[in-house]
Amino acid sequence: MSAKIAAPRGTFDILPEQSAQRALVEHAARELLEAAGYARIETPAFEATELFSRGVGEATDIVQKEMYSFDDGGGRSLTLRPEGTAPVCRAYVEHGMHKLPAPVKLYYLGPFFRAERPQKGRYREFWQVGAEVLGSDDPAVDAELIVLLHDLLKRLGATVRLRLSSLANAQTRAAYREELAAYLRANEHELSETVRSRIDLNPLRAFDSDDLRTQAVMAKAPRLIDRLDSEDAKHFAEVRSLLELAGIPYEIDSTLVRGLDYYTRTLFEFTSDALGAQSGVGGGGRYDGLVELIGGPPTPGIGWAAGIERIVLAAQVSATRDVPPDLYVAHEGRRADAFTLTLAARTAGLRAQMELGGRSLKGQLKHAERISARHLAILDAQGTRLDGKPAEDIVRQVLSA
RNA sequence: GUGGGCGUAGCUCAGCUGGUAGAGCUCCGGGUUGUGGUCCCGGCGGUCGCGGGUUCGAAUCCCGUCGCUCACCCCA
């Protein structure tokens, strides 16, 4: 035997048992989203690298160290898509969807790629279901999207918490960042070393520190939520009241951070305890500047993405794999008859299988039992029987049974 | 990139302080059976991740390496 080849690190085979679970998740997502007027869109698995470096943000972890980029042979750099929002916006612009009645409501479902170290709930190739709404800054869109993701997770049986925040607009956020960094520097001697080293890089992370003295400092730190301008504050208040109307519990978490640069205003994340260190099942936010950033007209947008693998973990989705056949055709020395009968049964709309494993007659009967075949035909030298009794027209008998 | 745990049949694992491998499940066959779910018997299946070292002898000890996994960073 030659050396074995395993699936690349961080990738996985979706075996029949898992494909049934995932199909459940996918069906639920489609049903829910299509009922709300979202139409499916699929974009290529790879895009121009620039789409992500520009759209997601040059300084983000995704762009700096997690992209699978390659030269296409003609000097162009392509990248396996690490996320779905920028590609959807690209398609929106490319196909002139801003001329469609606003807003444009889209969803997608497919594989994404990030070159990270794998761990529980985190893979290098993973699947996401995502929804995006382009062309409306109505707070009801924010609320609708959150409700849809909530309902999806709830329907599948996941126990989740909703964390909610507002990131304001780019100007407010930049000003706040300065204010926070200044505050951290002023209290530098009280901060843990890691937090201190990140003051300029990512000051918001200081809120997540588990260092006690740092926590004491952060308790009094300025919060972005309190710095929203009147427009952003009003938008946020509207979103909140709509969520309350929908009866969806949430927690305001002003420390919510997302690793993508394009977010503005509403930001949210659903978390589950069933995922190990990767608590996020799905999340998203508003990105009012993104479409313009990648060359389109100024267009408000908002969306979310949820990991299929994480949903399966969080919801402990279980599904039965095999659908029992209506008819199993066992045979001994009558392959052609069995073949013809099986095809006829399928043509008549039955789920039919015939013996293909070279088993003994006894083995065939055991097998038919094991897969819970509803009816059993036996074709051998003694004749043709259905469920133990001599039979003429097996297909018709099974159909009328 | 860094750290912890683990790598023995397709799967789950046993194998004490070293003497060149076992069980259960699965699968296939036989027996029993109302030609089929139980039960009984048998069979297929492993270069003990890989490479060195110690030893008369290593799955078992030592070193290295690769892989898996969990965690850090970050995220779906």
Side-chain angles (χ1 to χ4, degrees), chain A residues 1-12 15 17 25 56 59-67 81-85 108-131 149 153 158 160 194-195 197-198 201-202 204-205 208-210 256-260 263 268-272 275-284 303-314 324 328 330-332 355 357-383 385-389:
Chain A
M1 202 161 37
S2 307
K4 284 183 190 167
I5 298 173
R9 177 193 291 267
T11 67
F12 50 87
L15 302 178
E17 209 172 317
V25 174
V56 175
T60 59
D61 274 18
I62 289 181
V63 171
Q64 287 204 329
K65 51 183 191 187
E66 295 172 6
M67 297 207 300
R81 59 181 186 180
E83 62 101 48
T85 301
Y108 58 83
L109 178 59
F112 294 85
F113 310 85
R114 269 140 66 171
E116 295 181 88
R117 200 65 179 258
Q119 67 189 73
K120 190 179 177 81
R122 186 172 72 188
Y123 305 95
R124 292 184 166 181
E125 178 178 10
F126 55 98
W127 281 58
Q128 283 189 164
V129 54
L149 181 51
L153 295 171
V160 291
T194 51
V195 170
S197 68
R198 279 198 297 241
L201 199 66
N202 193 350
L204 285 173
R205 284 280 300 164
D208 299 332
S209 174
D210 43 19
L256 239 193
V257 186
R258 311 226 104 220
L260 301 87
Y263 285 114
F268 59 95
E269 181 171 66
F270 286 91
T271 60
S272 160
L275 298 188
Q278 306 307 319
S279 59
V281 182
W304 53 252
I308 299 294
E309 295 78 31
R310 292 190 182 179
I311 293 176
V312 169
L313 277 174
Y328 192 84
H331 65 92
E332 202 166 46
E355 170 63 21
R359 274 176 277 260
S360 65
L361 189 57
K362 171 176 175 167
Q364 296 182 44
L365 300 179
K366 283 190 171 179
H367 182 66
E369 181 64 36
R370 208 174 289 127
I371 63 176
S372 307
R374 287 177 42 229
H375 297 281
L376 169 67
I378 299 173
L379 278 52
D380 62 11
Q382 277 116 69
R385 278 138 296 155
L386 178 64
D387 298 328
K389 281 172 266 180

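These numbers come from the heavy atoms of this one structure, side chains and all, not from hydrogens, waters or symmetry mates.
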Undergrad: With rounding to the closest Å, how many angstrom separate the P atoms on G51(B) and C66(B)?
TA: 15 Å

Undergrad: So what's C75(B) paired with, Watson-Crick or G-U wobble, going by both distances under 3.5 Å?
TA: none

Undergrad: Heavy atoms only, 4.0 Å cut-off, all strands: where does V129(A) land among base, sugar-phosphate and nothing?
TA: nothing

Undergrad: Measuring from the side chain of A277(A) (C-beta onward, heavy atoms only), which nucleotide among C72(B), A76(B), C74(B) has the closest atom?
TA: C72(B)

Undergrad: Distance check needed: C70(B) C1' versus R122(A) CZ, whole Å only.
TA: 11 Å

Undergrad: If you look at every strand shown and take non-hydrogen atoms under 4.0 Å, does F112(A) touch a base, only sugar-phosphate, or nothing?
TA: nothing

Undergrad: Quote, to the nearest angstrom, the P distance that separates C61(B) from C16(B).
TA: 9 Å

Undergrad: I want to check something: taking the side chain as every heavy atom from C-beta on, are F268(A) and W304(A) in contact at a cut-off of under 4.5 Å?
TA: yes

Undergrad: Can you check the L365(A) CG to G34(B) C1' distance for me, whole Å?
TA: 12 Å

Undergrad: Considering only the P atoms, how many Å lie between U60(B) and G19(B), rounded to the nearest integer?
TA: 11 Å

Undergrad: Examine C74(B): is either OP1 or OP2 under 4.0 Å from a nitrogen or oxygen in the side chain of T60(A)? Give yes or no.
TA: no

Undergrad: Is any side-chain nitrogen or oxygen of R114(A) closer than 4.0 Å to OP1 or OP2 of C74(B)?
TA: no

Undergrad: If we call it a pair only when both distances are under 3.5 Å in a Watson-Crick or G-U wobble match, what pairs with C68(B)?
TA: G5(B)

Undergrad: Spell out yes or no: do the side chain of R310(A) and the base of C75(B) have one donor N/O and one acceptor N/O closer than 3.5 Å?
TA: yes

Undergrad: Can you tell which of C74(B), A71(B), G67(B) lies closest to the side chain of R9(A)?
TA: G67(B)

Undergrad: Can you tell me how far P of C73(B) sits from CZ of R124(A), to the nearest Å?
TA: 18 Å

Undergrad: Just checking, any donor-acceptor pair under 3.5 angstrom between side chains of E355(A) and Y328(A)?
TA: yes

Undergrad: How long is the line joining CH2 of W304(A) and P of A76(B), in whole Å?
TA: 13 Å

Undergrad: For C13(B), give the paired nucleotide (Watson-Crick: N1-N3 plus N6-O4 or O6-N4; G-U: N1-O2 and O6-N3; both under 3.5 Å), or none.
TA: G22(B)

Undergrad: Say we look at G18(B) and C74(B): how far apart would their P atoms be, to the nearest angstrom?
TA: 47 Å

Undergrad: May I ask you to say whether E116(A) pairs ionically with R122(A), meaning some side-chain N is under 4.0 Å from a carboxylate O?
TA: yes

Undergrad: Applying a 4.0 Å non-hydrogen cut-off, can you work out what G276(A) is touching in the nucleic acid: base, sugar-phosphate, or nothing?
TA: sugar-phosphate

Undergrad: Could you state the CD-P distance from E369(A) to C39(B), rounded to the nearest angstrom?
TA: 14 Å

Undergrad: Kindly say if R117(A) contacts the phosphate of C68(B), meaning a side-chain N or O under 4.0 Å from OP1 or OP2.
TA: no

Undergrad: Find the distance L313(A):CG to C70(B):C1' and express it as a whole number of Å.
TA: 13 Å

Undergrad: Has the side chain of E116(A) got a donor or acceptor atom sitting under 3.5 Å from an opposite partner on the base of A76(B)?
TA: yes

Undergrad: Assign E83(A) to base, sugar-phosphate, or nothing according to its heavy-atom contacts below 4.0 angstrom with the strands shown.
TA: nothing

Undergrad: Using atom CG of L256(A) as one end and atom C1' of C74(B) as the other, report the distance to the nearest whole Å.
TA: 14 Å

Undergrad: Which one, A76(B), C73(B), G30(B), comes nearest to the side chain of K366(A)?
TA: G30(B)

Undergrad: Can you check whether Q119(A) has a side-chain N or O nearer than 4.0 Å to OP1 or OP2 of A71(B)?
TA: yes

Undergrad: Just the rounded figure in Å: distance from P of U32(B) to NZ of K362(A).
TA: 8 Å

